[in-house]
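Note: hydrogens, waters and symmetry copies are ignored here, and every other heavy atom, side chains too, is used.
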Amino acid sequence: MPATDYQGTSVPFGSLGRTILSLRRDQVHSMEGSSESGSAQEQRLEAFQRMVTENFHQLASCNPDELLSLSWIRRLLDAFLACQEEFRLILMNHRFQFAKPPLDRQTAEFFERSVKVLDLCNAIRDGIEQVRQWRKQLEIVLSALDARHRTLGEGQFRRARKALSDLAVGMLEEKESGSFLAQRNRSFGRNSTKERTVGHFRSLSWSVSRSWSAARQLQAIGNNLNPPRSNDILATGGLSVLVYTMNTILLFVMWALVAAIPCQDRGIQIHFSVPRHFSWASSVLPLHEKIMEEAKKRDRKNSCGLLKEIHQIEKCARQITELADSVHFPLPEAKQKEVRQGVDELAHVCETLTDGLDPFERQIRDVFHRIVNSRTEGLDCLGRPHSSE
């Protein structure tokens with residue numbers, strides 16, 4: 001991810017009075033011959049904290065209209081991948097320290113959480129596929145109501161109503177349950193190019209079992225996620241703060257994805273608490289609050305996803321449905337103008353989805369594979385077997 005332009009100040013790890021790192025620095029300087037390596041480690045850890053703070057500050061400072069849009073979600077994933085890569089490099093460079101208590105246990109717990117993220121990645125991809133199916137229905141509406149080369153008549157409006165009805169059924173089913181997924185087995189770890197013909201949008205989801213729950217998966221990731229104790233921070237030279245930071249960012253990013261994208265049982269009410277003395281808390285906590293506020297809005301409470309483009313689909317479909325139900329033929333000029341305006345708005349939504357869904361899915365695939373590879377490398381460092389599921 002390109003370097004950010006944010007110039008705000010940040011407190012390294014933060015504490016009352018002197019920082020944990022300054023305490024550790026005094027401890028290191030008192031040990032003969034170790035001050036140089038200790039200083040380099042502290043600088044890299046502080047740089048990691050600054051990177052997290054700056055990246056999430058930019059995300060939190062976005063225009064309100066950008067929040068939870070496809071472009072914003074992609075920036076969120078860019079920030080996560082940048083943090084994950086830096087975490088991986090620090091882990092590789094300090095592998096001997098990570099193999100000793102208490103870091104070995106803390107790091108192993110992080111990798112166990114990362115395994116749970118893989119199912120979420122597959123479920124998110126299923127949600128992307130659902131949005132694609134909704135876009136196809138919108139394209140039928142656009143084709144039916146394209147007045148550039150013909151006069152609009154009852155046949156065109158009948159076709160548009162049918163597509164809008166199919167779209168409404170698919171989105172309503174998703175809103176009502178968010179479950180009922182077919183037990184199929186496709187994931188990023190397996191190649192499948194077979195086309196599937198289905199009667200309902202939800203049956204396009206095939207990566208997780210019927211009993212799987214995105215809400216429960218998020219809760220499992222957040223279970224026992226506690227800030228490191230002072231003695232652990234001192235004993236590990238601040239590396240335990242690194243692990244805690246990455247755990248929290250992992251939870252937050254996955255929670256935001258589940259909030260935005262249609263998922264099986266996508267409840268977003270999870271316990272998310274970060275001590276405010278961490279520098280990045282001032283960026284992550286406001287983001288969490290903004291997303292929760294968005295979820296509480298009257299027109300978003302029962303939505304199948306908080307993604308901005310999903311809201312636009314619902315809004316445009318509702319407007320054109322109301323318009324289609326009120327027209328009389330021959331179509332008056334005023335009504336033709338309304339139809340053109342509604343079609344233009346719908347075309348913009350379709351264009352955004354066409355341009356954004358494929359890159360978004362590639363990013364989700366990248367997150368999946370990065371987590372798998374990082375976990376394999378990390379467990380090698382810890383001297384543990386890879387298959388712990």
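Remark: Asn302 CG is loosely packed, at most 12 non-hydrogen atoms of other residues, nucleotides or ligands lying under 6.0 Å away.
Distance CG/Leu306 to OG/Ser69: 12.5 Å, rounded to 0.5 Å. Here CD1 of Ile128 is found 11.0 Å from CZ of Arg362. Values are rounded to the nearest 0.5 Å.
Side-chain N or O atoms of Lys308 include one that pairs as donor or acceptor with a backbone N or O of Asp65 at under 3.5 Å. Side-chain atoms of Ser114 come within 3.5 Å of backbone atoms of Phe111 as a donor-acceptor pair (strictly under, hydrogens ignored). Checked by atom type and distance alone, the side chain of Arg276 never pairs as donor or acceptor with a backbone atom of Ser282 at under 3.5 Å. Remark: the backbone N or O of Ile364 is not paired with any side-chain donor or acceptor of Arg125 at under 3.5 angstrom. Between the Gln137 side chain and the Trp134 main chain, no donor and acceptor come within less than 3.5 Å of each other. At least one donor-acceptor pair closer than 3.5 Å links the side chain of Gln264 to the backbone N or O of Ser209. Put simply, the side chain of Ser143 never gets that close to the backbone of Glu139: no donor and acceptor are under 3.5 Å apart. Side chain of Asn247 to backbone of Val243: a donor-acceptor contact under 3.5 angstrom is found.
You'll find the side chain of Phe80 stays beyond 4.5 Å of the side chain of Leu76, heavy atoms only. Using a 4.5 Å heavy-atom threshold, the side chains of Glu109 and Asn224 count as separate. With contacts defined as side-chain heavy-atom distances shorter than 4.5 Å, the pair Val253/Val367 does not qualify. Residues Leu239 and Thr107 have side chains not in contact (no heavy-atom distance under 4.5 Å, counting atoms from C-beta outward). Between Met254 and Arg113 the shortest side-chain heavy-atom distance does not fall below 4.5 Å. Side-chain atoms of Glu309 and Val131, non-hydrogen and from C-beta on, never get closer than 4.5 Å to each other. Under the 4.5 Å side-chain criterion, counting only non-hydrogen atoms from C-beta, Ile320 is in contact with Leu145. Two residues are said to be in side-chain contact when any heavy atoms from C-beta on lie closer than 4.5 Å; Gln219 and Ser213 fail this criterion.
When all heavy atoms of Arg75 and Cys62 are compared, the closest pair comes out as NH1-CB, 4.3 Å. The minimum heavy-atom distance linking Met51 with Cys83 is given by the pair CE-CA, 3.5 Å. The two residues Gly305 and Arg300 come nearest to each other via the heavy atoms O-NH2, 3.8 Å.
A donor-acceptor contact under 3.5 angstrom links the side chains of Glu129 and Gln133, judged on distance only. A side-chain donor from one of Gln363 and Asp78 sits under 3.5 Å from a side-chain acceptor of the other. Remark: the Thr245 side chain and the Gln49 side chain contain an N/O donor-acceptor pair separated by less than 3.5 Å.
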Using a 3.5 Å cut-off and no angle test, enumerate the donor-acceptor pairs between side-chain atoms of residues 348-357 and protein atoms at least two apart in sequence or in another chain.
{"unit_1": "Thr352", "atom_1": "OG1", "unit_2": "His348", "atom_2": "O", "d": "3.0"}
{"unit_1": "Thr354", "atom_1": "OG1", "unit_2": "Cys350", "atom_2": "O", "d": "2.8"}

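Residues meeting the ring-ring contact (aromatic ring centres under 6.0 Å, His included) test with Phe98, sequence neighbours left out: none. Annotation: side chain to side chain contact (heavy atoms under 4.5 Å, CB included) contacts of Thr248 (sequence neighbours excluded): Leu225, Tyr244, Phe272, Val274, Trp280.
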Inset, instruction - Just do the side-chain contact (heavy atoms from CB on, under 4.5 Å) check on Met171 and Ile310 with the steps written out, would you? - result: CA-CA 10 Å; Met171 299 188 83; Ile310 292 178; 4.0 Å; yes
Legend entry - Chi angles and distances behind the side-chain contact (heavy atoms from CB on, under 4.5 Å) call for Phe368, Asn122: CA-CA 8 Å; Phe368 183 99; Asn122 284 325; 3.9 Å; yes
Inset, instruction - Would you please test Arg375 and Glu112 for side-chain contact (heavy atoms from CB on, under 4.5 Å) and show each step? - result: CA-CA 9 Å; Arg375 180 175 181 272; Glu112 285 306 305; 3.6 Å; yes
Inset, instruction - List the steps and the verdict of side-chain contact (heavy atoms from CB on, under 4.5 Å) for Gln336 and Leu152. - result: CA-CA 8 Å; Gln336 291 184 34; Leu152 295 180; 5.9 Å; no
Inset, instruction - Assess whether salt bridge (Lys or Arg N to Asp or Glu O under 4.0 Å) is satisfied between Lys290 and Glu293, documenting all intermediate values. - result: CA-CA 5 Å; Lys290 287 180 180 180; Glu293 288 171 4; over 6 Å; no
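With salt bridges taken as basic N to acidic carboxylate O contacts below 4.0 Å, none links Glu377 and Arg370. Ion pairing of Glu345 with Lys315 is absent here, as no side-chain N (NZ or NE/NH1/NH2) approaches a carboxylate O to less than 4.0 Å.
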